[in-house]
Amino acid sequence: MKTLLVVYNSMTGGTEQMVRALVMGAKLEDGVTTRLLHASAALAADVINADGYVFATPENLAAISGLMKDFFDRCYYPALNRINGRPYAVLVCAGSDGQNAVRQIDRIATGWRLRRTAEALIVCTHAQSPETILSRKTISPPDLDRCRELGAAFATGLAIGVF
């Protein structure tokens, strides 16, 4: 049995909706156990004991969220050289383009020597004013379908050893 670790942070609910949809898709694969952990609860041992990863973050000031950064800060060195070659994917709930958040995660994953197995899935909410940035997000059904599809594809690839 393979383990897919999904580490996320969500401030206004958008990223959480995305990861819950992803996990629903991943659970369709019998050969994979999916663990969903908030960034504040994820430990280096969780990273080391998983076979693949999805990192999910809101875009904050054109970057990953502080709690995701904290997760990587806490887990980076204990996991270094212990997870080489494992697959990962990225989800970003963005107010603008989300590209810098993806770049940050990709740089960290490069240091861990992980392999990204899918294009980053960015959902743009177009939240640009203080009111819309801080408001509760609702992710559209088509975007949630994309998250479910990514979860199913990632878990299947992990289960059959494609990655």
Side-chain angles (χ1 to χ4, degrees), residues 1-60 64-65 67-69 71-72 75 79 83-95 97-110 112-127 136-163:
M1 181 73 78
K2 301 283 184 167
T3 300
L4 169 59
L5 176 64
V6 181
V7 179
Y8 79 100
N9 181 45
S10 187
M11 299 181 66
T12 59
T15 308
E16 184 171 358
Q17 292 168 55
M18 292 170 65
V19 295
R20 293 204 182 278
L22 179 128
V23 167
M24 285 176 54
K27 286 188 175 184
L28 297 173
E29 177 56 57
D30 291 333
V32 173
T33 299
T34 304
R35 295 195 60 217
L36 177 62
L37 291 176
H38 190 272
S40 62
L43 303 172
D46 298 312
V47 175
I48 293 164
N49 292 323
D51 300 293
Y53 316 95
V54 175
F55 304 116
T57 184
E59 174 190 52
N60 289 8
I64 63 176
S65 71
L67 284 176
M68 283 302 291
K69 174 76 166 61
F71 156 73
F72 286 121
C75 297
I83 59 173
N84 295 6
R86 295 181 191 176
Y88 80 100
V90 177
L91 296 179
V92 176
C93 185
D97 70 6
Q99 292 298 318
N100 195 54
V102 173
R103 275 191 294 278
Q104 282 183 290
I105 291 173
D106 283 346
R107 288 189 68 168
I108 294 163
T110 297
W112 266 344
R113 293 161 187 84
L114 301 179
R115 293 179 300 118
R116 183 149 51 101
T117 59
E119 284 297 314
L121 198 159
I122 300 170
V123 172
C124 185
T125 64
H126 304 285
R136 185 105 181 121
K137 304 298 183 288
T138 301
I139 305 302
S140 73
D143 285 329
L144 293 175
D145 287 343
R146 290 179 20 199
C147 295
R148 265 189 294 281
E149 290 166 6
L150 176 59
F154 194 98
T156 298
L158 197 58
I160 65 175
V162 172
F163 308 133

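Worth saying up front: this structure is predicted, and the values here are computed from it rather than measured. Just so you know, these numbers use all the heavy atoms, side chains as well, and skip hydrogens, waters and symmetry mates.
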Would His38 and Leu67 count as a side-chain contact (heavy atoms from CB on, under 4.5 Å) if you check the C-alpha gap in whole Å, the side-chain angles of each, and the deciding distance to 0.1 Å?
CA-CA 9 Å; His38 190 272; Leu67 284 176; 3.7 Å; yes

Check the surroundings of atom CZ in Arg115: do more than 12 heavy atoms from other residues, nucleotides or ligands lie under 6.0 Å from it?
yes

Rounded distance [0.5 Å steps], OG1 in Thr12 versus NZ in Lys137:
3.5 Å

In terms of ring plane angle, is the pair Phe71 and Trp112 parallel, tilted or perpendicular, where the classes change at 30° and 60°?
perpendicular

Which donor-acceptor pairs under 3.5 Å do side chains of residues 148-163 form with protein atoms, sequence neighbours excluded?
unit_1	atom_1	unit_2	atom_2	d
Arg148	NH2	Asp145	OD1	2.5
Thr156	OG1	Glu29	OE1	3.3
Thr156	OG1	Ala152	O	2.9

Is there a side-chain contact between Met18 and Leu121, using heavy atoms and a 4.5 Å cut-off?
yes

Using side-chain contact (heavy atoms from CB on, under 4.5 Å), reason through Leu91 and Val19 one step at a time and then give a plain yes or no.
CA-CA 8 Å; Leu91 296 179; Val19 295; 3.9 Å; yes

Tell me, which pairs form a side chain to side chain donor-acceptor pair (under 3.5 Å) where one or both residues lie in residues 85-94, sequence neighbours left out?
Tyr53-Arg86, Tyr88-Asp106

Closest non-hydrogen contact found for Cys124 with Gly95 is SG-O, 3.7 Å

Mind checking the CE-SG spacing from Met11 to Cys93? Nearest 0.5 Å is all I need.
11.5 Å

Within the distance-only criterion (no hydrogens, no angle test), does the side chain of Thr57 pair as donor or acceptor with the backbone N or O of Ser65 below 3.5 angstrom?
yes

Are the side chains of Arg103 and Asn100 in contact, using a 4.5 Å heavy-atom criterion?
yes

Of the non-hydrogen atoms in Ala44 and Cys75, which two are nearest, and what is the gap between them?
N-SG, 3.3 Å

With the side chain counted from C-beta on, respond yes when Ile122 and Gln99 share a heavy-atom pair under 4.5 Å apart, and no when they do not.
yes

Check Ala39 against Asn9 and note the closest heavy-atom contact, atom names and distance.
CB-CB, 4.4 Å

So, for Gly13 and Arg136, which heavy atoms are closest and what is the spacing to 0.1 Å?
CA-NH1, 3.3 Å

How long is the span from the CG atom in Leu36 to the CG atom in Leu22, to the nearest 0.5 Å?
9.0 Å

Heavy atoms only: give me the nearest Thr125-Ile139 pair and the separation to one decimal.
CG2-CD1, 4.4 Å

With a 4.5 Å heavy-atom cut-off, do Thr34 and Val32 have their side chains touching?
yes

Is there side-chain contact between Ile105 and Arg116, with at least one heavy-atom pair below 4.5 Å?
no

Side chain proximity check, Gln104 to Phe55, heavy atoms < 4.5 angstrom
no

Heavy-atom side-chain contact between Val47 and Leu5 under 4.5 Å:
yes

Side chains of Glu59 and Asp97: closer than 4.5 Å at any heavy-atom pair?
yes

What is the minimum heavy-atom distance between Ser10 and Gly14, and which atoms define it?
OG-N, 3.7 Å

With rounding to the nearest 0.5 Å, note down the distance linking CZ in Phe72 to CZ in Arg107.
13.5 Å

